[in-house]
There are 4 protein chains.
Amino acid sequence: MSEPLHIDILDHGFVELIDFMGDDRRCANAARVSVRGDTRERSDKADQGLIARLLADHHTSPFEHAVFQFKVRAPIFVVRQWMRHRFSSFNEESGRYVELVDECYTPAQFRRQVGKRMDYAFENLPPQENSELQAEVQALYRQSYDLYQKMLATGIAREHARMVLPLALYTTFYWTLNALSLMNFLHLRNHEHAQSEIRAYAAVMEDIFKEKMPWTHAAFREHWGTAMI
Amino acid sequence: MSEPLHIDILDHGFVELIDFMGDDRRCANAARVSVRGDTRERSDKADQGLIARLLADHHTSPFEHAVFQFKVRAPIFVVRQWMRHRFSSFNEESGRYVELVDECYTPAQFRRQVGKRMDYAFENLPPQENSELQAEVQALYRQSYDLYQKMLATGIAREHARMVLPLALYTTFYWTLNALSLMNFLHLRNHEHAQSEIRAYAAVMEDIFKEKMPWTHAAFREHWGTAMI
Amino acid sequence: MSEPLHIDILDHGFVELIDFMGDDRRCANAARVSVRGDTRERSDKADQGLIARLLADHHTSPFEHAVFQFKVRAPIFVVRQWMRHRFSSFNEESGRYVELVDECYTPAQFRRQVGKRMDYAFENLPPQENSELQAEVQALYRQSYDLYQKMLATGIAREHARMVLPLALYTTFYWTLNALSLMNFLHLRNHEHAQSEIRAYAAVMEDIFKEKMPWTHAAFREHWGTAMI
Amino acid sequence: MSEPLHIDILDHGFVELIDFMGDDRRCANAARVSVRGDTRERSDKADQGLIARLLADHHTSPFEHAVFQFKVRAPIFVVRQWMRHRFSSFNEESGRYVELVDECYTPAQFRRQVGKRMDYAFENLPPQENSELQAEVQALYRQSYDLYQKMLATGIAREHARMVLPLALYTTFYWTLNALSLMNFLHLRNHEHAQSEIRAYAAVMEDIFKEKMPWTHAAFREHWGTAMI
């Protein structure tokens with residue numbers, strides 16, 4: 001394969017598209033097996049129309065026949081939200097087996113909460129305070145990582161030493177999932193109620209989804225509100 | 001894509017390999033993300049060794065990053081066993097929407113049960129009796145399909161008319177699943193306790209699996225007895 | 001346990017509620033663990049309000065903590081639709097192991113299809129024609145079952161003999177699933193586009209769901225259109 | 001319900017059994033529906049024998065009809081391993097919604113790694129060094145939590161502030177899963193290769209499993225090595 005699509009996210013993160021199988025037409029044809037119509041060529045318009053109708057009518061199973069494979073690097077507090085999505089496959093860097101890299105997430109812009117917790121409303125910390133807080137947070141990251149290193153130098157097991165590291169630490173994982181599961185992820189995570197950090201990743205993935213499956217993406221944004229897995 | 005691999009099975013069935021994503025090396029690399037070793041080239045021997053060790057140690061998640069996509073035609077009593085495998089994606093021909101094709105399975109060789117039901121031991125019906133039974137069974141299939149046709153001619157809904165058709169009727173479906181789920185299927189269905197009809201399909205799929213992922217297949221046959229999803 | 005709730009459906013079918021774990025309040029409390037509020041007593045109104053808000057906002061995971069267990073007897077063509085619901089647990093009567101019972105489904109009222117297949121519009125067959133068709137269908141069932149019996153008498157393996165039996169044959173299964181998966185089932189199967197036979201079962205299950213979890217049921221019927229698994 | 005079974009684990013953790021549905025006999029009867037034998041009373045010996053044979057023969061589906069529900073408090077690095085078990089239901093305390101409690105895990109005994117990482121061999125840190133390291137680690141926990149508190153006091157959003165907290169922080173979750181999924185968890189986590197912290201939880205859960213389903217537990221420990229989901 002050629003060099004995979006690679007998009008940087010946050011201060012040390014990224015999304016790579018490792019592989020992709022199937023496309024809009026594949027899903028349309030998987031649906032058409034129900035009427036033995038999967039082998040006949042159709043017009044683009046017919047495929048687009050069918051895809052829209054399937055999602056509008058909650059016929060979601062055909063979208064399981066397109067599969068995406070990503071490599072992702074993200075902070076642990078983001079990955080913790082991510083791994084709640086069970087209809088997908090994960091393999092992650094292990095702090096039991098390797099020395100973890102000294103990379104923690106520092107927000108470019110810290111947010112203050114405005115209103116109640118379910119309002120999901122925020123305002124930016126003013127620039128001066130923001131810079132000061134960034135420095136303070138990074139000093140703590142430094143101390144945490146220094147203690148981690150010191151423990152490793154003493155021979156402490158990696159699985160023990162890692163527990164002092166912050167939730168902001170970056171980790172890397174492979175993620176394979178079908179288009180239906182991806183739509184569910186995008187619906188919940190590229191959403192105004194999602195934490196902006198995971199949303200940054202989900203937005204990039206929605207762009208990739210849109211590029212690879214434009215008709216399904218269009219139908220998703222039009223009809224998903226009333227569809228379901 | 002070029003013409004898909006197509007293998008005929010039983011009297012009217014087949015398996016087609018529609019698509020395949022990932023391979024032995026992909027799974028090895030997904031495993032190596034745990035030690036940040038997924039991007040460095042390795043020798044074939046190193047990959048083979050890793051794959052064997054992963055399955056021997058029940059580290060099965062890396063095998064979810066290779067995905068197979070099949071189109072299958074099989075009798076309904078076979079498909080009923082097949083669809084119990086939940087970690088996979090199905091789309092099937094629908095007797096609600098289309099007129100079903102006049103194809104039912106007649107065994108080339110009827111089997112007598114020998115011993116108790118859990119012995120899974122059988123002997124062939126003698127040739128003369130076998131031919132007579134084939135004729136008798138096909139006469140019933142003919143009557144069933146004639147009644148189905150008559151009901152459709154009277155305007156009876158397809159979803160109602162189909163209920164008179166036998167379990168031997170053929171149906172067609174798309175099936176997408178990862179290599180881990182496929183190994184679980186092969187372990188249970190390409191097995192001496194499985195009914196020989198589903199085993200005929202599973203044997204063909206094991207050949208395809210072996211061709212596409214020879215190292216994983218070798219490790220599967222050596223270690224699966226003690227591995228698990 | 002006392003005698004389970006048992007409701008007869010169609011001509012030989014039934015639904016039994018074997019067991020149930022958790023209730024509306026359990027799901028509300030599972031949700032409240034997110035704010036460490038699961039151990040404090042609340043008013044009914046507070047629980048009802050929370051449940052409605054959760055479903056309206058697509059926070060569906062708390063509904064996985066209530067579990068239903070059913071025993072069901074239904075025709076095979078109905079059970080084939082049923083077993084597409086993968087987030088649930090099945091164990092079914094096996095035609096490989098036991099002699100199947102002579103019970104097939106005869107519709108009390110055959111339906112003619114009106115309009116196109118996606119209109120899901122039907123009209124009843126007139127009484128005289130309906131009776132005649134019932135008799136004809138039952139004659140075929142009789143012939144099929146007689147051939148099945150004859151094959152068994154000759155020693156043909158049960159797994160072979162069964163293939164001549166019709167899709168209308170009844171089978172029995174255990175079914176365990178959580179409230180979220182049940183809502184998904186009810187949404188798709190207690191629906192005007194579902195085949196009326198499976199809908200008859202789904203309607204009974206919705207009554208049981210409503211009785212056991214009245215607040216979740218009310219929220220389901222109000223908000224599910226925009227919720228999802 | 002009466003007061004739930006509650007067992008303390010590590011320095012601030014616990015496991016509570018919230019609820020349980022089904023038992024050994026229920027699973028045996030779910031299996032017996034395959035031969036229409038689920039309603040007849042059997043001897044204990046017959047049930048025990050059937051359960052052992054089912055697991056020995058990889059007939060695992062009947063064990064999905066018993067369901068456990070736990071409430072667990074554990075460090076985040078432990079919970080991260082836990083949530084890889086996808087065939088189960090989680091609801092967790094959310095650092096987006098509530099202020100997290102000042103409780104981090106300090107090992108009673110730090111471990112040094114001996115040999116290679118796949119040897120899973122460890123030795124205890126000598127008492128004096130262990131005490132010093134505990135103090136050092138707790139000082140870092142103190143600093144991390146103080147910065148967290150300071151950020152909250154400035155109005156920083158909880159979801160942002162939490163990222164400075166260590167992986168040793170405790171969190172709480174509800175966990176519902178069937179007996180088959182529990183056996184898979186116990187096989188992998190109450191295992192000499194598992195990290196001792198998650199193993200402490202798994203060992204308690206195995207005790208509960210053994211108490212509630214003694215025959216299935218005995219068969220699990222005898223036959224699981226060759227069984228699979």
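Here is the naming used below: chain letters follow the sequence lines, and residue numbers restart at 1 for every chain.
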Engineer: Any heavy-atom pair between the side chains of A:T154 and D:R112 that's under 4.5 Å?
Structural biologist: yes
Engineer: Are side-chain heavy atoms of A:R80 and D:I76 found at a separation under 4.5 Å?
Structural biologist: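 When only atoms from C-beta onward are counted, D:I76 and A:R80 do touch, with a gap below 4.5 Å.
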Engineer: Just so I understand: if I count every heavy-atom pair under 4.5 Å between each of A:P75, A:A194, A:S196 and chain D, which residue has the most?
Structural biologist: A:A194
Engineer: Can you pull out the residues in residues 95-106 of chain D with any heavy atom less than 4.5 Å from chain A?
Structural biologist: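 Within residues 95-106 of chain D, the residues that come under 4.5 Å of chain A (heavy atoms only) are D:R96, D:Y97, D:V98, D:Y105.
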Engineer: I'd like to verify something: which residue of A:E136, A:E123, A:E129 has the highest number of heavy-atom pairs under 4.5 Å with chain D?
Structural biologist: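 Answer, by heavy-atom pair count under 4.5 Å with chain D: A:E136.
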Engineer: Given heavy-atom pairs under 4.5 angstrom as the criterion, report whether the side chain, backbone, both or neither of D:Y148 touches chain A.
Structural biologist: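 Contact with chain A is absent: no heavy atom of D:Y148 under 4.5 Å.
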Engineer: With a 4.5 angstrom heavy-atom cut-off, which part of D:Q138 approaches chain A: side chain, backbone, both or neither?
Structural biologist: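 No part of it gets close to chain A.
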Engineer: What option among D:H85, D:Q143, D:M83 has the most heavy-atom pairs under 4.5 Å with chain A?
Structural biologist: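 That would be D:Q143.
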Engineer: Which heavy atom of D:P166 sits nearest to which heavy atom of A:V164, and what is that distance?
Structural biologist: CB-O, 3.8 Å
Engineer: Pick one of side chain, backbone, both or neither for D:K116, based on which atoms fall under 4.5 Å of a heavy atom in chain A.
Structural biologist: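 Contact with chain A is absent: no heavy atom of D:K116 under 4.5 Å.
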Engineer: Do D:I156 and A:Q113 have side chains that approach each other closer than 4.5 Å (heavy atoms only, starting at C-beta)?
Structural biologist: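 Contact flag for D:I156/A:Q113 side chains = no.
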Engineer: At a 4.5 Å cut-off on heavy atoms, which part of A:Q81 comes close to chain D: side chain, backbone, both, or neither?
Structural biologist: side chain
Engineer: Measure the CD-CZ distance between A:Q195 and D:R158 for me, rounded to the nearest 0.5 Å.
Structural biologist: 12.5 Å
Engineer: Do D:M151 and A:L133 have side-chain heavy atoms sitting under 4.5 Å apart?
Structural biologist: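 D:M151 vs A:L133: side chains touch.
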Engineer: Answer with side chain, backbone, both or neither: which region of A:V79 has an atom nearer than 4.5 Å to a non-hydrogen atom of chain D?
Structural biologist: side chain
Engineer: Identify the heavy atoms of A:R84 and D:F90 that sit nearest to each other, and give their distance.
Structural biologist: NH2-O, 2.6 Å
Engineer: When you measure from the side chain of A:R86 to the backbone N and O of D:S88, does any donor-acceptor pair fall under 3.5 Å?
Structural biologist: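 Side chain of A:R86 to backbone of D:S88: a pair is present.
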Engineer: Run the side-chain hydrogen bond (donor to acceptor under 3.5 Å, both in side chains) test on A:E197 and D:H160 for me, step by step, so that the C-alpha distance in whole Å, both residues' side-chain angles and the decisive distance to 0.1 Å come before the verdict.
Structural biologist: CA-CA 10 Å; A:E197 279 77 12; D:H160 254 186; 2.7 Å; yes
Engineer: Within this structure, what is the CG-CZ distance for the pair D:L167 and A:F77, rounded to the nearest 0.5 Å?
Structural biologist: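 One finds 12.5 Å between CG of D:L167 and CZ of A:F77.
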